[in-house]
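See below for the structure under consideration.
Predicted, not measured: the structure shown is a model, and the values here were computed from it. Order of the sequence lines sets the chain letters (A, B, ...), proteins ahead of strands, with each chain counted from 1. When reading the values below, keep in mind they use all heavy atoms of this one structure, side chains included, and skip hydrogens, waters and symmetry mates.
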Amino acid sequence: MKQEVYNIVKKSLEAISRESGRELNETEFEVEMPKRKGFGDFSTNVAMIAASKTGSKPRDIAEKIVSEINDMECKIVEKVEIAGPGFINFFLKDESFVNQLKNIYELADSYGSSDIGGGERVIVEFVSANPTGYLHFGHARNAAVGDSVSRLLSFAGFNVEKEFYVNDAGMQMQMLGKSVFARFKELLGIDSELPEDGYQGEYVIEIAKDIYGSKKDELEKLSDDEAEQLCKDYAYKFLINEIKNDLSNLRVEFDNWYSEKEKIHDQNKLENAQSKLQAASALEKKDGALWFKATQFGDSQDWVLIKSDGSPTYFIADIAYHDDKFERGFKRLINIWGADHHSHFTRLKSSMKAIGYDEESVEVVLIQFVRLVENGKEVAMSKRAGSYITLREVLEEVGPDVTRFFLLMRSSDSHLDFDLNLAKQQSSENPVYYIQYVYARISSILKNAEEDELNPSDKHIDSLSDELELAIIKKLLSFPEAAGSAAESLSPHKICYYLQQLASDFHLYYNKVKIINSEDKDLSSARLYLIICIGIVIKNGLTLLGVDSPKRM
RNA sequence: GCGCCCGUAGCUCAGCUGGAUAGAGCAACGGACUUCUAAUCCGUAGGUCACAGGUUCGACUCCUGUCGGGCGCGCCA
């Protein structure tokens with residue numbers, strides 16, 4: 001519809017250009033849906049743009065355009081007005097909206113999807129937490145956003161893979177092994193202390209107990225180094241499994257679990273990355289270490305790739321990893337990172353630029369911190385202290401629907417207060433239930449209609465003439481745009497806002513009119529048809545957020 | 001010192017990549033239950049968009065600076 005309005009304006013511009021000899025037909029203008037009702041269904045700023053080009057008054061140009069449009073006799077246009085500084089507002093005929101419902105009904109689950117992506121391959125990497133402990137609540141926001149962004153992009157026609165990068169090769173893993181082994185020795189009654197930077201959490205003791213129960217004899221025969229190694233492997237398997245479980249309970253499933261050790265280190269990818277950087281003359285030896293001259297590629301400082309003791313840094317592994325993503329054929333590399341990693345972004349981009357990739361293909365969504373608030377006070381979540389709030393604890397208390405919605409409802413680059421009290425409330429204050437309730441109500445009405453032998457039908461949808469009905473239909477018709485815009489800007493929170501508005505419209509409508517009215521079967525059938533369409537959009541929107549649409553509440 | 005994010009109603013936040021009279025939810029106050037599920041709806045009140053300049057037809061939005069809050073600036077990951 002927007003396109004049709006655009007074409008009408010375009011045509012009138014061409015006509016005016018022909019008459020006056022002025023080159024107005026190349027004016028770039030926008031057609032948008034105005035915020036206010038009084039400004040029509042669509043609005044264009046074309047007159048203002050054209051005016052600044054030609055030096056004449058916006059309203060004069062608007063008058064010409066409008067009279068041109070009035071001469072054209074467009075089927076969908078009811079009337080056209082000039083308003084404010086020179087906006088041209090279009091009021092379309094009601095039936096042109098109502099008829100679009102059929103489109104929603106037929107497309108059903110795929111309504112709102114698009115082919116903006118054209119099948120382009122995209123990799124979304126997120127969470128990627130070190131498998132050295134349970135996921136804490138900060139990871140949950142990353143997980144929810146990453147997963148929802150992936151859903152948005154798939155819906156918009158991209159070919160998306162979700163990947164968890166497992167940091168199983170670094171110092172952290174060694175430390176985990178040492179920590180577990182120290183706890184194991186404690187169980188044997190041997191006096192031992194946790195390493196200085198060791199992991200203090202309760203789970204380390206639990207894991208040690210597991211090992212004590214099943215592998216005590218085996219372990220006692222080994223040297224300390226070997227025992228540490230065994231502890232590490234055991235703890236790793238245990239924790240990665242727990243992480244998978246937690247994510248699964250949050251309805252986050254990954255396509256790939258990409259092991260840094262197996263896929264990078266054991267495959268000589270580090271050397272590969274190093275030689276690519278060498279070929280770009282981006283390397284330098286200094287103080288016994290190998291440096292990447294990032295300053296030559298836009299960063300503010302240089303970075304060490306190989307330490308003076310010969311061991312690789314995390315950074316060179318990450319360069320190799322991202323090089324590998326491109327090698328695997330992905331055109332867009334999207335990373336969901338905590339805001340504390342922002343400096344790493346510049347570094348990574350400059351390295352990709354050095355190797356010869358388009359740095360614009362590497363995108364990062366930075367996630368600001370989550371504060372967990374209960375009873376007006378912040379709940380601490382320090383990992384090292386061992387007393388952090390885990391994703392699991394929150395999931396057990398409030399469930400995946402509320403957890404996900406709350407984590408998604410704010411823009412990623414805004415700090416988020418997660419109010420546990422509010423999340424736990426199953427009441428009107430809780431926006432998740434508010435939206436889900438729409439779906440439940442609709443399902444319930446449809447069930448009742450069936451019992452009354454009333455069937456939804458598009459035969460009489462012209463009778464949908466209530467102001468609210470038209471408002472809802474217009475809102476439904478803007479869903480594809482909302483989904484597209486959310487995908488484009490990698491912003492799931494836009495879907496949250498959209499759904500809250502739609503839910504509000506529906507509840508208002510529900511309170512105002514009876515959907516089922518056995519006195520007027522034609523109208524009822526049309527209204528049933530309408531609420532099915534509302535249900536479709538609610539469900540599609542919630543699915544993009546990874547939230548369920550229950551039929552009963 | 002340098003870099004990134006934020007500053008909008010009492011609170012938590014939107015504001016579609018410059019548009020028309022600034023938008024929700026919650027909290028507050030007043031109303032609507034013989035209900036197609038009241039987990040709902042209606043009404044009232046609430047604002048110098050942190051501050052100061054600049055860019056232009058037009059700025060909450062873009063640029064510069066100041067103030068305030070968060071985060072980062074390792075041969076850690």
Side-chain angles (χ1 to χ4, degrees), chain A residues 30 32-36 38-39 43 45 48-49 51-52 57-58 83-87 89 128 130 132 167 169-173 197 260 286-291 300-301 303-309 311-315 317-318 338-346 366 368-369 371 373 376 409-417 419 422 425-434 436-438 440-449 452 454 478 481-482 485-486 488-489 491 493-494 496-497 500-501 503-504 506-517 524 527-528 531 552-553:
Chain A
E30 280 174 20
E32 57 181 15
M33 293 188 180
K35 290 174 200 163
R36 282 171 196 283
F39 299 150
S43 172
N45 59 352
M48 275 107 89
I49 308 274
S52 65
K57 286 181 189 165
F87 287 102
N89 297 334
S128 300
N130 291 342
T132 55
N167 296 119
M171 295 291 291
Q172 314 284 337
M173 290 308 297
D197 294 324
E260 177 187 355
K286 199 171 69 185
D287 306 329
L290 184 68
W291 294 70
S300 57
Q301 55 181 301
W303 301 96
V304 169
L305 296 179
I306 310 282
K307 298 179 234 173
S308 49
D309 68 1
S311 62
T313 59
Y314 159 84
F315 182 37
D318 220 28
D340 52 338
H341 285 68
H342 79 260
S343 65
H344 186 60
F345 180 41
T346 333
L366 286 177
Q368 295 296 327
F369 285 4
R371 286 199 323 154
V373 178
M409 68 197 246
R410 304 302 181 208
S411 161
S412 300
D413 50 29
S414 187
H415 289 235
L416 174 72
D417 279 1
D419 188 332
L422 179 59
Q425 269 180 56
Q426 302 201 1
S427 76
S428 58
E429 297 155 38
N430 196 325
V432 188
Y433 296 112
Y434 184 77
Q436 288 182 321
Y437 189 42
V438 173
R441 268 186 160 167
I442 288 173
S443 304
S444 173
I445 297 167
L446 291 173
K447 205 177 151 204
N448 292 332
D452 293 358
L454 275 170
S478 71
E481 197 172 330
S485 156
E488 200 175 347
S489 58
S491 308
H493 76 274
K494 289 182 179 171
C496 296
Y497 272 84
Q500 287 186 82
Q501 283 175 19
S504 171
F506 171 78
H507 288 309
L508 174 57
Y509 177 58
Y510 175 90
N511 273 273
K512 185 181 172 188
V513 308
K514 275 275 198 186
I515 311 290
I516 297 175
N517 179 358
S524 293
R527 286 182 169 164
L528 288 168
I531 65 168
R552 294 177 61 99
M553 288 176 73

Next item on the list: Report yes if a donor N or O on one partner sits less than 3.5 Å from an acceptor N or O on the other, where the partners are the side chain of A:Ser504 and the base of B:A24; otherwise report no.
Entry: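 Flag unset: no donor-acceptor pair detected.
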Restricting to nitrogen or oxygen on both sides, can you table the protein-nucleotides 55-59 of chain B pairs closer than 3.5 Å?
none

Between [M] and [N] - [atom1] atom distance, rounded Å:
N     : M     : atom1 : answer
B:G68 : B:C62 : P     : 22 Å
B:A9  : B:U61 : P     : 15 Å
B:G43 : B:G18 : C1'   : 35 Å
B:C11 : B:U55 : P     : 35 Å
B:C63 : B:U56 : P     : 16 Å
B:U34 : B:C49 : C1'   : 49 Å
B:C60 : B:U48 : C1'   : 13 Å
B:A45 : B:A27 : C1'   : 12 Å

Item checked: Face-to-face contact A:Tyr434 to B:A39 six-ring, under 5.5 Å, under 30° ->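 It does not: the two rings, one from A:Tyr434 and one from B:A39, miss the stacking criterion.
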Note to self: Other residues, nucleotides and ligands only: do more than 12 of their heavy atoms fall within 6.0 Å of NZ on A:Lys286?
What the structure shows: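 Yes - once you tally the heavy atoms of other residues, nucleotides and ligands closer than 6.0 Å, there are more than 12.
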Note to self: Heavy-atom count check: over 12 atoms from other residues, nucleotides or ligands less than 6.0 Å from A:Met553 CE?
What the structure shows: yes
Checklist line | Nearest-0.5 Å distance, CD of residue A:Gln436 to CG of residue A:Asn430 | finding: 9.0 Å
Check: Could you state the interatomic distance from NE2 (A:His507) to OH (A:Tyr437), rounded to the nearest 0.5 Å?
Finding: 7.0 Å
Next item on the list: Report, as a single string ordered 5' to 3', how protein heavy atoms within less than 4.0 Å touch nucleotides 72-77 of chain B: B base, S sugar-phosphate only, - not at all.
Entry: SS-BSB
Check: Quick one: does NZ or CZ of A:Arg441 land under 6.0 Å from the six-membered ring centre of A:Tyr510, within 45 degrees of the ring axis?
Finding: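 Yes, cation above the ring, under 6.0 Å and within 45°.
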Note to self: Base, sugar-phosphate or nothing for A:Val513? Non-hydrogen atoms, less than 4.0 Å.
What the structure shows: base
Check: Which is true for A:Ile515 with a 4.0 Å heavy-atom rule: it touches a base, it touches only sugar-phosphate, or it touches nothing?
Finding: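 Here A:Ile515 touches the bases of the nucleic acid.
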Are the side chains of [X] and [Y] in touch, meaning some heavy atoms are under 4.5 Å apart?
X        : Y        : answer
A:Met48  : A:Phe87  : yes
A:Glu260 : A:Met173 : no
A:Leu366 : A:Asp413 : no
A:Gln368 : A:Leu416 : no

Does the side chain of [X] get closer than 4.0 angstrom to OP1 or OP2 of [N] through an N or O atom?
X        : N     : value
A:Asn45  : B:G18 : no
A:Tyr433 : B:G25 : no
A:Ser300 : B:C2  : no

Using whole Å, report how far [atom1] of [X] lies from [atom2] of [N].
X        : N     : atom1 : atom2 : value
A:Gln368 : B:G7  : CD    : P     : 11 Å
A:Tyr510 : B:C42 : OH    : P     : 14 Å
A:Ile442 : B:U40 : CD1   : C1'   : 14 Å
A:Met553 : B:A39 : CE    : P     : 10 Å
A:Arg371 : B:C11 : CZ    : P     : 13 Å
A:Gln500 : B:U12 : CD    : P     : 17 Å

Exam field: side chain [X] to backbone [Y], donor-acceptor pair closer than 3.5 Å:
X        : Y        : value
A:Ser43  : A:Asn89  : no
A:Asp309 : A:Ser311 : yes
A:Asn167 : A:Asn130 : no
A:His342 : A:Ala339 : yes

Could you check which nucleotide pairs with [N] in any of the strands shown, counting Watson-Crick or G-U wobble with both distances under 3.5 Å?
N     : value
B:U56 : none
B:A28 : B:U44
B:C75 : none
B:A50 : B:U66

Notebook entry, point to check: Can B:U17 be described as syn, meaning its chi torsion is within 90° of 0, or is it anti?
Noted result: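 This nucleotide is in syn.
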Check: Can you say whether the rings of A:His344 and A:Phe315 are parallel (under 30°), tilted (30 to 60°) or perpendicular (over 60°)?
Finding: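 Perpendicular.
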Between the protein and nucleotides 13-16 of chain B, list the N/O to N/O atom pairs that are separated by less than 3.5 angstrom.
unit_1, atom_1, unit_2, atom_2, d
B:C13, OP1, A:His415, O, 2.7
B:C13, O2', A:Arg410, NH1, 2.7
B:C13, O2', A:Tyr497, OH, 2.7
B:A14, OP1, A:Ser411, N, 2.9
B:A14, O4', A:Tyr497, OH, 3.0
B:G15, OP1, A:His493, NE2, 3.2

Note to self: The side chain of A:Asn511 is closest to which nucleotide in this list: B:C4, B:G19, B:C41?
What the structure shows: B:C41
Next item on the list: Specify the residue among A:Glu30 and A:Tyr437 whose closest nucleotide of RNA chain B lies further upstream toward the 5′ end.
Entry: A:Glu30
